[in-house]
Amino acid sequence: MSTALTTDTTPRAWIGCMHCYNDGRLIGEWFDAAGADEVTLADVHGGAGRVRAGCEELWVMDHENIPARGEMSPYDASEWAQAILAVPEHARAALGAWVESGDYIIEGLGDIPSVSDFEERYAGCWDSFREYAENLAEDIGLLDGAPEEVARYFDWTAWTRDLAMDFTTARTDGGVYVFRNM
């Protein structure tokens, strides 16, 4: 019997009360980031009767499965979650790699990635960029019709190097994520 390991990709946010934090008390809870913008002071404090005077602002002090650095507002955490959840679960790691590459396209005013641009640019995960280049060459018929004597001497290294200028790549344990630059 084999046990399959699953990795939860659900974006989550640890939301805390800023007033309590500034008073030296760490009051907060983990929530699904998709609903972070709807979390109330009562949710964070464990009930409306436990909210103290001066408690007004909530803040995301930590997060999981959101490819952004540092703290953020609950609204921003919710926006990130909506973008992440719009991508099929098997492609979420690629979305994160695209964001971490710094070459991603943002949606709106914040740093939220454009899901439609991700979907348009994502070319898959390959063992190497060379493997992607060879597959692309076959798909587009790069050497179709070329005599075998000519095709045999084609400089794959140079062609792959030049092709890479039109792409962003991000290494992962499973290979290389490939994204088209447009």
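Along the sequence shown, residues are numbered consecutively beginning with 1.
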Taking only residues two or more places apart in sequence, or in another chain, which ones meet Ser116 in a side chain to side chain donor-acceptor pair (under 3.5 Å)? Ser114
Co-membership, hydrophobic cluster, residues Met72 and Ile106, 4.5 Å side-chain: yes
With a 6.0 Å cut-off (strictly less than), is the heavy-atom count around CG of Asp37, excluding the residue itself, greater than 12? yes
Any heavy-atom pair between the side chains of Tyr104 and Pro113 that's under 4.5 Å? yes
Should Glu79 and Ile112 count as side-chain neighbours, where that means a heavy-atom distance under 4.5 Å? yes
Tell me the closest heavy-atom pair linking Thr160 and Arg130, and the distance in Å. OG1-CD, 3.6 Å
Are more than 12 heavy atoms, taken from residues, nucleotides or ligands other than Glu119, located less than 6.0 Å from that residue's CD atom? yes
Answer yes or no: is there a side-chain heavy-atom contact under 4.5 Å between Asp76 and Val60? no
Going through the distances and angles, do Asp111 and Trp80 end up as a side chain to side chain contact (heavy atoms under 4.5 Å, CB included)? CA-CA 9 Å; Asp111 291 336; Trp80 272 102; 4.2 Å; yes
Who are the side chain to side chain donor-acceptor pair (under 3.5 Å) partners of Asn135, not counting sequence neighbours? none
Has the side chain of His63 got a donor or acceptor atom that lies under 3.5 Å from a matching backbone atom of Gly70? yes
Co-membership, hydrophobic cluster, residues Phe118 and Ile105, 4.5 Å side-chain: yes
Nearest-0.5 Å distance that lies between atom CG in Asn65 and atom CZ in Arg12: 9.5 Å
Start with the C-alpha gap between Trp30 and Ile15, add the side-chain angles, then the distance that decides, and say whether side chain to side chain contact (heavy atoms under 4.5 Å, CB included) holds. CA-CA 6 Å; Trp30 282 99; Ile15 303 175; over 6 Å; no
CE (Met165) with more than 12 external heavy atoms under 6.0 Å: no
Is it true that the side chains of Trp14 and Glu29 contain a donor and an acceptor less than 3.5 Å apart? no
Return all side-chain donor-acceptor pairs below 3.5 angstrom for residues 139-157, not counting sequence neighbours, or 'none' if the list is empty.
{"residue": "Asp155", "atom": "OD1", "partner": "Thr157", "partner atom": "N", "Å": "3.3"}
{"residue": "Asp155", "atom": "OD1", "partner": "Ala158", "partner atom": "N", "Å": "3.0"}

Evaluate the side-chain proximity of Asp23 to Arg52: yes if any heavy-atom separation is below 4.5 Å, no if none is. no
Any side-chain heavy atom of His19 within less than 4.5 Å of one from Glu57? no
Taking all atoms of both residues into account, what is the closest heavy-atom pair of Ile66 and Ala77, and its distance? CD1-O, 4.3 Å
Is it true that atom CZ of Arg25 has more than 12 heavy atoms of other residues, nucleotides or ligands lying nearer than 6.0 Å? yes
Would you say the side chain of Met182 lies within less than 4.5 Å of the side chain of Arg121, judging by non-hydrogen atoms? yes
Scan the side chains in residues 169-181 for donor-acceptor partners under 3.5 Å anywhere in the protein, sequence neighbours excluded, and list what turns up.
{"residue": "Asn181", "atom": "OD1", "partner": "Thr168", "partner atom": "OG1", "Å": "2.8"}
{"residue": "Asn181", "atom": "ND2", "partner": "Phe167", "partner atom": "O", "Å": "3.4"}

If you measure from CG on Leu41 to CG on Leu58, what distance do you get to the nearest 0.5 Å? 4.5 Å
In short, Asp43 meets Glu38 closest at the heavy-atom pair OD2-O, 4.1 Å
Using the ring-ring contact (aromatic ring centres under 6.0 Å, His included) criterion, which residues pair with Trp126? Sequence neighbours excluded. Tyr132
With a cut-off of 3.5 Å and sequence neighbours excluded, list every side-chain donor-acceptor pair involving residues 89-101.
{"residue": "Glu89", "atom": "OE2", "partner": "Thr9", "partner atom": "OG1", "Å": "3.0"}
{"residue": "Arg92", "atom": "NE", "partner": "Ile84", "partner atom": "O", "Å": "3.4"}
{"residue": "Arg92", "atom": "NE", "partner": "Val87", "partner atom": "O", "Å": "3.2"}
{"residue": "Arg92", "atom": "NH1", "partner": "Thr9", "partner atom": "OG1", "Å": "2.8"}
{"residue": "Ser101", "atom": "OG", "partner": "Trp98", "partner atom": "O", "Å": "2.6"}
{"residue": "Ser101", "atom": "OG", "partner": "Asp103", "partner atom": "N", "Å": "3.1"}

Any idea which heavy atoms bring Cys55 and Cys20 closest together, and the distance? SG-SG, 3.8 Å
All heavy atoms of Val44 vs all of Cys17, minimum pair found to be CG1-N, 3.9 Å
Give a yes or no on whether Trp59 and Tyr21 share a hydrophobic cluster (residues Ile, Leu, Val, Met, Phe, Trp, Tyr; joining criterion: side-chain heavy atoms under 4.5 Å apart). yes
If you look at every heavy atom in Pro11 and Leu85, which pair is closest and at what distance? CD-CD2, 3.7 Å
Sub-3.5 Å donor-acceptor pair from the side chain of Asn22 to the main-chain atoms of Met18, do we have one? yes
